[in-house]
Protein chains: 2
Amino acid sequence: MPLSFKNIPPTKRPENINISLSSINEEYKCAMSVDCVIFGYDAEEELKVLLLACNMTPYDGLWSLLGDLIQPNEDLDHAPKRIFKERAGLENVYYEQVKTFGDISRHPLGRVISTAYYSLVQISSIPISSHLKDRVRWKSISEVGQLAFDHNQILDESLQRLRQRLREAPIGFDLLPDKFTLAQLQTLYEVVLDIELDKRNFRRKLKSLDILEDVGEYQKEVHHRPARLFRFNKARYREQRQRGLKFEL
Amino acid sequence: MPLSFKNIPPTKRPENINISLSSINEEYKCAMSVDCVIFGYDAEEELKVLLLACNMTPYDGLWSLLGDLIQPNEDLDHAPKRIFKERAGLENVYYEQVKTFGDISRHPLGRVISTAYYSLVQISSIPISSHLKDRVRWKSISEVGQLAFDHNQILDESLQRLRQRLREAPIGFDLLPDKFTLAQLQTLYEVVLDIELDKRNFRRKLKSLDILEDVGEYQKEVHHRPARLFRFNKARYREQRQRGLKFEL
DNA sequence: TCAAAAGTGTTCGGCTTACACCCATGT
DNA sequence: ACATGGGTGTAAGCCGAACACTTTTGA
């Protein structure tokens, strides 16, 4: 026999929350943080992720994602932007919320609930000063070993999400320089999605989407026939979208 | 000229977090909550969402989603389960995390960061006792007006997510009774996705997926030729998945 | 002249779409 | 007998997959 719906009595609820905000935190000992999965790419190579050396017991010696507590006066969605700016000197980074991780014991120092964001950058856009070389590192996705905290899970879910989004929206361009060749773009998809693509089919597809702009320039300093350079045209993409064309790869 | 990567000095970070967990909360005045977007369906009707009357200024008189603070001793992903059980007497509900909403001013009483989950139930599985009829209500998606807090945004994003997931995974069955007709299933898809489907194509598609089990029974108490009843076969679905067959509609 | 990658069309099969009539049941 | 939805097959078009050779450049 099904139970019936139990409403919290109207009088009880607001007071509860009121109490929370002045006193519940002491009881909860809970902090909110953000973890950033910064994916990076250099043409022709592997997909990488930016990691920091962790020096918190019991995770000393492991690598971790870049995280920070949320400031009392900032919107959740603003925190990653601040972190990119403060910690890596980056602005206008593409990022997207993935998921919030809140197991009780995910953090050794107490309850820290963390919202994961992934972001896409070119590796060259984050120069790592030499005195930090042993504490900050790009690691290939396939070579990431055990990470601190629950960061392996966070990385996994972020990668899954990145792959899904990459198939249904033109976000890959954020991993490439402004001007790129079709071969570079194809390799990007192959590397990130871990699939092989047919050159002719890939090019036909992109031509049909009509979201690239022929820069009119060619590759330089290359030991073979230089390729045309293209640029992603966001305005044209929006046009195509309105006409009902769906990006899909 | 690009800035170089700025690491937080190794000595500073752990202490910071340590301090947080004992004292930062008083400073932050931040609470974590969960909001549940409970989608419900009754064969042949519209997709609905369960709403509660809100009695918190300045939202008095508006409807809101079902939410609650997270308990200090429970995993984030466990909170919805507890809420379904405590507040609606429901167990074994399908639910999925959607997104976390954390704008500073989203809650009138202070900073409340809330993680949204959507869930799928049959409307008949939540009997609403008569003395609560004016405080708890199923509303058709299309008739939901202004909600309290940022709950319109939460509902929108949850619905988007539900629609996306419904197209790529066999989750619709959670909205239907154990045994259902193909017409009911088709109507479900049409109603939730707001599209029209061709009867013959729909049936062929489902036959090819081979994830339904013919119960061998027929509809009863119906004023026309009774339809066969089917049941979703989860094991068979997993088999098909392993063979590489992708659910898609 | 050689090496290396750029660039380019066509065919085939499978999936999606569109479409109309007879059947079984209750009243 | 009639009204109501249940149940079924076929043809056309589109899209994705497979596949090989010529061209251009630098060394």
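Within every chain, numbering begins at 1; the chains are lettered A, B, ... in the order of the sequence lines, protein sequences first and strands thereafter. Hydrogens, waters and symmetry mates are skipped; everything else that's a heavy atom, side chains included, is used.
The aromatic rings of F173(A) and F232(A) lie parallel to each other, their planes meeting at an angle below 30°, with 60° marking the opposite boundary. Note on ring orientation: taking the six-membered ring where Trp is involved, the planes of Y94(A) and Y118(A) are tilted (angle from 30° to 60°).
Here the nucleotide nearest the side chain of R225(A), chosen from dG9(C), dA5(C), dA18(C), is dA5(C). When the nucleotides dT27(C), dT25(C), dG7(C) are ranked by their closest atom to the side chain of H223(B), dT27(C) comes out on top.
Proximity of R200(A) to the phosphate of dG9(C): no side-chain N or O atom is located under 4.0 Å from OP1 or OP2.
Across the interface with DNA chain D, nearest-nucleotide mapping of D198(A) and H224(B) shows H224(B) to be the residue nearer the 5′ end. Each of N201(B) and V222(A) was assigned the nucleotide of DNA chain D with the nearest heavy atom; the assignment lying further toward the 5' end belongs to N201(B). Nearest-nucleotide assignment on DNA chain C puts the 5′-proximal partner with Q219(A), out of Q219(A) and R204(A).
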TODO: Evaluate the criterion side chain to side chain contact (heavy atoms under 4.5 Å, CB included) for residue pair I154(B) and L147(B); output intermediate values, then yes/no.
DONE: CA-CA 10 Å; I154(B) 294 180; L147(B) 298 176; over 6 Å; no
Open item on the list: Under the criterion salt bridge (charged side-chain N to carboxylate O under 4.0 Å, His left out), I'd like the reasoning laid out for R243(B) against E239(B): C-alpha separation, chi angles, the key distance, then a yes or no.
Closed with: CA-CA 6 Å; R243(B) 284 187 211 162; E239(B) 263 180 54; 3.3 Å; yes
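Using a 4.5 Å cut-off on side-chain heavy atoms (C-beta onward), T115(A) and Q97(A) make contact. Taking 4.5 Å as the limit, some side-chain heavy atom of L47(B) sits within range of a side-chain heavy atom of L162(B).
Taking the 5' to 3' direction, DNA chain D first and last meets chain B under 4.0 angstrom from a heavy atom at dT4(D) to dT10(D).
Nucleic acid contact class of K199(B) (heavy atoms, under 4.0 Å, all strands): base.
With rounding to whole Å, K205(B) atom NZ is found 15 Å from dA18(C) atom P. For R228(B) and dT25(C), the CZ to C1' distance is 15 Å, given to the nearest whole Å. Regarding F202(A), its CZ atom lies at a distance of 16 Å from the C1' atom of dA5(C), rounded to whole Å. When the P atom of dA5(C) is taken as reference, atom CD of E221(A) falls 17 Å away, rounded to whole Å. Between E217(A) atom CD and dA6(C) atom P there is a gap of 17 Å when expressed in whole angstrom units. Atom NZ of K207(B) and atom P of dT16(C) are 16 Å apart (whole Å).
A side-chain donor-acceptor contact under 3.5 Å links Q186(B) and E190(B).
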